[in-house]
Trainee: 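Here it is, the structure in full.
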2 protein chains.
Amino acid sequence: MATIQDVAKKAGLSRTTVSRVINEHPYVTEEKKRLVTQAMQELNYVPNSSARRLRRQQTETIAVYVPRITNPFFSHLVEVMEKEAAKKGYQLILCQTRYKKEQERNFLELLKTKQVDGLILTSIENDWSEFEPYLSFGPIVVCNEYSDSAQVPSVYLNQIEGSYLGTKHLIDQGYTKIGYCTGNHKSSRVSKDRKIGFLKALDDAGIMMKEEWFFYNAYSVQDGFAAFKKLSELADRPQAVFTGSDEVAAGIAKAAFDAGWRVPEDLAIIGFDNQPLAALMDLTTVEQPIDTIAKQAMNLMVEAIQAKKPLRRKEVILPFQLIKRSST
Amino acid sequence: MATIQDVAKKAGLSRTTVSRVINEHPYVTEEKKRLVTQAMQELNYVPNSSARRLRRQQTETIAVYVPRITNPFFSHLVEVMEKEAAKKGYQLILCQTRYKKEQERNFLELLKTKQVDGLILTSIENDWSEFEPYLSFGPIVVCNEYSDSAQVPSVYLNQIEGSYLGTKHLIDQGYTKIGYCTGNHKSSRVSKDRKIGFLKALDDAGIMMKEEWFFYNAYSVQDGFAAFKKLSELADRPQAVFTGSDEVAAGIAKAAFDAGWRVPEDLAIIGFDNQPLAALMDLTTVEQPIDTIAKQAMNLMVEAIQAKKPLRRKEVILPFQLIKRSST
DNA sequence: TCTGATTATGAAAACGATTTCATGAATTCG
DNA sequence: CGAATTCATGAAATCGTTTTCATAATCAGA
């Protein structure tokens with residue numbers, strides 16, 4: 001492996017000059033520049049990034065936290081982030097927290113040990129106080145999820161509005177008995193706000209909710225199956241159900257179909273996200289502008305890294321959009 | 001930021017001893033060990049990984065190539081790989097090639113500049129000769145995709161068998177006019193072998209194929225829609241269609257349903273992968289043991305890194321499984 | 001022509017760890 | 001008891017860059 005020293009020797013110059021050429025610093029004559037370039041080529045030289053990282057004190061790498069990459073919402077988020085990061089010369093390290101507090105904390109070492117320049121969180125399990133001390137090691141940006149106590153840039157949508165929009169739609173369709181089927185992580189502000197928006201829509205319309213119409217811990221298609229089973233066994237059943245993701249909605253729709261129910265006549269269902277899956281299953285859904293929040297979060301991160309000073313909170317208020325299909 | 005020097009000073013010892021404690025080397029008395037540990041704690045010290053990388057000449061990071069992380073097949077692969085890597089103390093850098101030759105080549109610099117210890121390829125666009133020269137910089141392991149000229153470990157399934165299995169199933173159901181709808185990348189051995197297996201099954205049964213029953217460049221649900229459109233406009237239409245992924249199969253199924261066709265009576269459809277989507281849409285499909293190949297590939301990679309010598313080719317012959325549902 | 005800025009280059013320090021080598025103390029062994 | 005191991009520690013070299021500092025040469029302006 002050729003080093004900068006080898007190049008210098010071959011070109012008959014000093015390390016310094018070679019370094020200048022590599023980093024495009026001024027004050028190098030065309031003549032020497034040519035010599036260096038040629039030597040680099042002949043030796044097939046390429047700078048060692050560990051050495052560069054050490055000296056420069058930066059890694060050009062960003063860690064992204066997601067619960068699981070197979071969740072389409074998060075893989076979409078990551079796809080856009082990676083694209084955006086690559087454009088700016090940054091790499092992404094993928095951290096799957098699996099909704100586990102400990103996993104989440106473990107990955108924090110990446111920042112502390114200077115393996116990454118910054119952290120983007122798309123989901124939060126731990127209390128913010130766990131993250132706080134790490135801020136001195138590098139910027140943290142929150143995307144999608146949010147926390148009141150987090151004094152960092154957070155790019156997120158007003159989920160109260162989102163769920164209100166979806167629920168209002170159900171109400172407008174004439175349903176008065178509406179179920180609620182979502183993840184509901186205690187630590188998740190998204191969860192909380194979705195519920196607030198849901199209840200607000202009900203309240204505004206003067207509609208009652210029953211405790212047994214809440215179905216929690218639903219993330220996947222499988223969970224949707226299970227939710228339907230519980231729902232179908234109730235004596236007093238909801239006519240419609242609001243869900244936290246298209247996966248869950250799809251699971252419910254499928255289970256309902258298999259049970260011989262008609263959608264939406266026997267049960268109306270609304271999803272969330274507008275994944276390809278929603279189109280496939282003809283699900284009405286609340287669309288989130290994933291591309292936009294992912295891009296903005298990544299841009300804020302790169303900005304924070306390059307400015308070397310933490311940024312402040314930030315709300316991105318983007319419109320949700322209701323995509324009306326045949327499930328409601 | 002505290003350095004190892006600071007810890008040494010505080011503990012009244014040398015850097016060497018501190019390093020020994022950190023790396024759990026023998027020949028340190030309990031007494032000093034305690035002193036060091038305490039000093040580290042008090043200073044909130046943690047080793048700088050850039051420095052360590054430089055000295056150790058290894059990064060504990062692995063790059064994984066995928067076309068797009070939103071493709072469920074690949075996100076599943078990556079999920080398992082990340083989990084496995086984390087277990088062994090390695091991180092994953094996500095590289096989305098977007099099926100672009102140039103993107104793929106760009107990411108190769110990661111290996112050359114020592115930003116990662118090794119590369120796992122799950123899809124290959126470029127000719128193997130492009131990768132060959134990089135082997136001197138670190139191990140490369142191929143997973144899922146494969147190439148005859150690649151003299152590296154490749155964990156893959158015999159796709160000829162897989163598509164044969166699926167096609168045979170269609171034939172056994174009595175269909176004699178069978179369409180073929182897949183991605184078909186020129187550079188992809190998977191594509192080629194799938195086609196070989198498909199044709200072999202037809203051949204073994206003495207069944208004819210028509211040129212117009214081939215539909216290529218189909219990867220997504222959307223592509224499935226498009227394929228159905230073309231298919232439905234044919235004068236002589238296939239009775240069944242073999243697809244390269246559950247997404248495509250789902251797209252065709254949905255489009256067929258929307259057009260008022262009955263599945264499988266008017267058109268039988270078989271998917272590939274057995275994603276949750278397949279269960280959802282009641283698609284018969286050929287299951288691939290994704291978890292197993294992902295795990296094996298990652299294990300081979302870690303082995304190669306730690307053994308510091310390249311491994312040889314490797315075929316993993318695992319059984320495909322036919323999951324029979326109502327679409328055939 | 002002298003002064004001060006600008007241009008061009010290299011020697012050496014710095015980044016923060018790990019590893020090699022040297023050395024002395026303690027222990028084992030014949 | 002002397003020799004050979006083993007244990008315990010630290011000084012200094014090393015990994016491969018970038019950056020600072022010093023210096024010489026060239027150029028512009030008075």
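In what follows, chains are A, B, ... by sequence order, proteins preceding strands, each numbered from 1.
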Trainee: Specify the separation, in whole Å, of atom CD of Q5(B) and atom C1' of dT18(C).
Mentor: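 Checked: the CD to C1' distance equals 14 Å.
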Trainee: When you look at E102(B) and R105(B), which way does the salt bridge (Lys or Arg N to Asp or Glu O under 4.0 Å) test go after all the steps?
Mentor: CA-CA 5 Å; E102(B) 203 199 328; R105(B) 284 197 303 265; 5.6 Å; no
Trainee: Think K32(A) has a side-chain N or O under 4.0 angstrom from the OP1 or OP2 of dA8(C)?
Mentor: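 The answer is no; no side-chain N or O of K32(A) sits under 4.0 Å from OP1 or OP2.
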Trainee: Taking the side chain of A51(A) as heavy atoms from C-beta outward, which of dG16(D), dA17(C), dA12(C) is closest to it?
Mentor: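 Of all the options, the side chain of A51(A) is nearest to dG16(D).
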Trainee: In whole Å, what is the span from the CD atom of E30(B) to the C1' atom of dT9(D)?
Mentor: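 One finds 16 Å between C1' of dT9(D) and CD of E30(B), rounded.
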Trainee: Look at E104(B) together with K101(B) and state whether they make a salt bridge at an N to O cut-off of under 4.0 Å.
Mentor: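 A salt bridge is absent here (no side-chain N lies under 4.0 Å from a carboxylate O).
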Trainee: Rounded to whole angstrom units, what separation is found between the CD1 atom of I22(A) and the P atom of dT19(D)?
Mentor: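 Between P of dT19(D) and CD1 of I22(A): 12 Å.
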Trainee: Check this one for me: any side-chain N or O of N48(B) less than 4.0 Å away from OP1 or OP2 of dC15(C)?
Mentor: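 No, N48(B) has no side-chain N/O under 4.0 Å of OP1/OP2 on dC15(C).
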Trainee: Just by distance, with hydrogens left out, do T59(B) and Q115(B) show a side-chain donor and acceptor under 3.5 Å apart?
Mentor: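 No, Q115(B) and T59(B) have no side-chain donor paired with an acceptor closer than 3.5 Å.
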Trainee: Would you indicate what R53(A) reaches in the nucleic acid, counting non-hydrogen atoms under 4.0 angstrom: base, sugar-phosphate, or nothing?
Mentor: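 No contact.
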Trainee: Please determine whether a side-chain nitrogen or oxygen atom of S14(B) lies at a distance below 4.0 Å from atom OP1 or OP2 of dG10(D).
Mentor: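 For dG10(D), OP1 or OP2 has a side-chain N or O of S14(B) closer than 4.0 Å.
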Trainee: Measure the distance from CD on Q58(B) to P on dC15(D) and round it to the nearest whole Å.
Mentor: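 These atoms are roughly 16 Å apart.
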Trainee: Please output the side-chain donor-acceptor pairs of residues 291-305 of chain A that fall under 3.5 Å, not counting sequence neighbours, one pair per line with the distance.
Mentor:
from	atom 1	to	atom 2	distance (Å)
D291(A)	OD1	H76(A)	NE2	2.8
N299(A)	OD1	K88(A)	NZ	3.0
N299(A)	ND2	K295(A)	O	3.4

Trainee: Measure from the side-chain heavy atoms of T29(B) and tell me the nearest of dA12(C), dT18(D), dA8(D).
Mentor: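 The closest nucleotide is dA8(D).
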Trainee: Please report, rounded to the nearest Å, how far the C1' atom of dA17(C) is from the CZ atom of R52(A).
Mentor: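 Nearest whole value for this atom pair: 20 Å.
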Trainee: Would you mind telling me which of dA17(C), dG16(D), dT9(C) lies closest to the side-chain atoms of R20(A)?
Mentor: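 Nearest nucleotide to the side chain: dT9(C).
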Trainee: Does V46(A) reach a base, just sugar-phosphate, or nothing at all? Heavy atoms under 4.0 Å.
Mentor: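 Here V46(A) touches the backbone only, sparing every base.
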Trainee: Atom CD of E24(B) to atom P of dT19(C): distance rounded to whole Å?
Mentor: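 After rounding, the reported distance stands at 14 Å.
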Trainee: In terms of the nearest nucleotide of DNA chain D, which residue is placed more toward the 5' end: T16(A) or M1(A)?
Mentor: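 Result of the comparison: M1(A).
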Trainee: Test side-chain hydrogen bond (donor to acceptor under 3.5 Å, both in side chains) on K112(B) and N44(A) and set out the steps.
Mentor: CA-CA 10 Å; K112(B) 202 169 173 187; N44(A) 198 16; 3.1 Å; yes
Trainee: Using the side-chain heavy atoms of Y27(A), tell me which of these nucleotides is nearest: dC15(D), dA8(C), dT18(D).
Mentor: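 Nearest listed nucleotide: dA8(C).
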Trainee: Is there a donor N/O on one and an acceptor N/O on the other, under 3.5 Å, for the side chain of R55(A) and the base of dT17(D)?
Mentor: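 No such pair is found, so the answer is no.
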Trainee: Looking at the side chain of T17(B), which of dT9(D), dT18(C), dG16(D) is the nearest nucleotide?
Mentor: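 Among the listed nucleotides, the one closest to the side chain of T17(B) is dT9(D).
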Trainee: Between P on dA14(C) and CZ on R15(B), what's the gap in Å once rounded to a whole number?
Mentor: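 Going from CZ in R15(B) over to P in dA14(C) covers 13 Å.
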Trainee: Would you call K87(B)-E84(B) a salt bridge at under 4.0 Å N-O?
Mentor: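 Counted as a salt bridge, because a side-chain N and a carboxylate O are separated by less than 4.0 Å.
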Trainee: Among dT9(C), dA11(D), dT9(D), which nucleotide has an atom closest to any side-chain atom of L13(B)?
Mentor: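 The answer is dT9(D).
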Trainee: dT19(D) P sits how many Å from L54(A) CG, rounded?
Mentor: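 The distance from CG of L54(A) to P of dT19(D) comes to 12 Å, rounded to the nearest Å.
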Trainee: For dT18(D), does either OP1 or OP2 sit under 4.0 Å from a side-chain N or O belonging to S19(A)?
Mentor: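 It does, given that an N or O in the side chain of S19(A) lies less than 4.0 Å from OP1 or OP2 of dT18(D).
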Trainee: Respond yes when some side-chain nitrogen or oxygen of Q57(B) is under 4.0 Å from OP1 or OP2 of dG16(D), and no when none is.
Mentor: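 The answer is yes; a side-chain N or O of Q57(B) sits under 4.0 Å from OP1 or OP2.
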